[in-house]
Amino acid sequence: GAGVSQSPSNKVTEKGKDVELRCDPISGHTALYWYRQSLGQGLEFLIYFQGNSAPDKSGLPSDRFSAERTGGSVSTLTIQRTQQEDSAVYLCASSLAGQGYEQYFGPGTRLTVT
Amino acid sequence: AQKITQTQPGMFVQEKEAVTLDCTYDTSDPSYGLFWYKQPSSGEMIFLIYQGSYDQQNATEGRYSLNFQKARKSANLVISASQLGDSAMYFCAMREGYGGFKTIFGAGTRLFVKA
């Protein structure tokens with residue numbers, strides 16, 4: 001079946017502009033995750049959803065970052081008033097519910113803030 | 001708080017030999033899951049292997065095995081018979097708590113397989 005998809009694959013934006021990143025999880029996966037990966041670095045946890053609710057938003061770097069999920073499916077990560085330090089690859093993943101289920105990752109959105 | 005430590009930024013291994021990638025973790029929760037993922041230069045993240053904190057035996061998946069030492073809080077990945085295609089970044093990750101979903105990743109180890 002279809003994997004996790006993300007759009008856009010690349011986004012170049014000017015400092016101060018808002019951006020929206022989209023994630024389409026695998027059908028039936030109730031858990032959805034957002035991570036940020038800076039060049040050559042590990043994955044930084046941002047937020048996860050169980051269904052449409054986000055029990056843990058502690059990973060969001062600032063109040064400029066927000067995320068929502070609708071219909072237990074598509075999720076959008078919004079970054080307002082982008083800064084150069086926001087430049088990174090934003091990865092989305094989804095999984096079945098439960099501790100032992102692996103996450104399936106999308107190809108990522110490479111965000112460049114100029 | 002959760003913490004994952006991968007102390008080897010880079011590792012070299014000769015093709016067809018085995019290699020161990022280190023991972024230590026810290027958690028106060030008795031229930032947790034440990035994962036290893038591979039990230040080739042293409043950027044995709046690929047799941048390799050999972051170990052639950054209550055699992056009695058070390059997990060194995062083909063050429064991958066997880067050397068789980070609970071008392072030492074280590075979960076090292078062993079790759080047997082290395083192949084050139086194994087050259088990639090490898091990440092150790094932990095998910096804490098039954099039903100919890102927050103997952104913390106280590107900084108990664110870059111593996112280079114030499115012909």
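Quick caveat: nothing in here was measured; it's all calculated off a predicted structure. Every chain is numbered from 1, with letters handed out A, B, ... down the list of sequences.
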Are [Y] and [X] connected in a single hydrophobic cluster, I mean Ile/Leu/Val/Met/Phe/Trp/Tyr linked by side-chain heavy atoms less than 4.5 Å apart?
{"X": "A:W34", "Y": "B:F47", "result": "no"}
{"X": "A:L60", "Y": "A:V89", "result": "no"}
{"X": "A:Y33", "Y": "A:L111", "result": "no"}
{"X": "B:V19", "Y": "B:F68", "result": "yes"}
{"X": "A:L21", "Y": "A:F65", "result": "yes"}

(request) Under the salt bridge (charged side-chain N to carboxylate O under 4.0 Å, His left out) rule, collect the residues that match up with B:R110, sequence neighbours excluded. (result)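 For B:R110 there are no salt bridge (charged side-chain N to carboxylate O under 4.0 Å, His left out) partners, ignoring immediate neighbours.
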
(message) Taking the six-membered ring for Trp, are B:Y50 and A:Y101 closer than 6.0 Å centroid to centroid?
(response) no

Residue pair [X] / [Y], side-chain heavy-atom distance below 4.5 Å:
{"X": "B:I46", "Y": "A:F105", "answer": "no"}
{"X": "B:K102", "Y": "A:S58", "answer": "yes"}
{"X": "B:R95", "Y": "A:S95", "answer": "yes"}

(message) Let's test your reading of the structure: which of A:Q103, A:Q37, A:E44 forms the most heavy-atom pairs below 4.5 Å with chain B?
(response) A:Q103

(message) What part of A:Q50 gets within 4.5 angstrom of chain B, counting heavy atoms only: side chain, backbone, both, or neither?
(response) side chain

(message) Report which part of A:Y104 has an atom under 4.5 Å of a heavy atom belonging to chain B: side chain, backbone, both, or neither.
(response) neither

(request) Begin from the C-alpha positions of A:L43 and B:Y37 and carry the test side-chain contact (heavy atoms from CB on, under 4.5 Å) through to its verdict. (result) CA-CA 11 Å; A:L43 276 69; B:Y37 289 86; over 6 Å; no

Kindly check if the number of other-residue, nucleotide or ligand heavy atoms within 6.0 Å of [atom1] ([X]) is above 12?
{"X": "B:L84", "atom1": "CG", "result": "yes"}
{"X": "B:K16", "atom1": "NZ", "result": "no"}
{"X": "B:Q57", "atom1": "CD", "result": "no"}

(request) Mind running side-chain contact (heavy atoms from CB on, under 4.5 Å) on A:E102 and B:I49 for me, showing each step along the way? (result) CA-CA 8 Å; A:E102 70 271 26; B:I49 197 166; over 6 Å; no

(message) Under the criterion side-chain contact (heavy atoms from CB on, under 4.5 Å), I'd like the reasoning laid out for A:F45 against B:F105: C-alpha separation, chi angles, the key distance, then a yes or no.
(response) CA-CA 8 Å; A:F45 169 81; B:F105 281 73; over 6 Å; no

(message) Please classify the contact of B:Q39 with chain A as side chain, backbone, both or neither, using a heavy-atom distance under 4.5 Å.
(response) side chain

(message) Non-hydrogen contacts under 4.5 angstrom with chain B: give the residues of residues 9-19 of chain A involved, or none if there are none.
(response) none

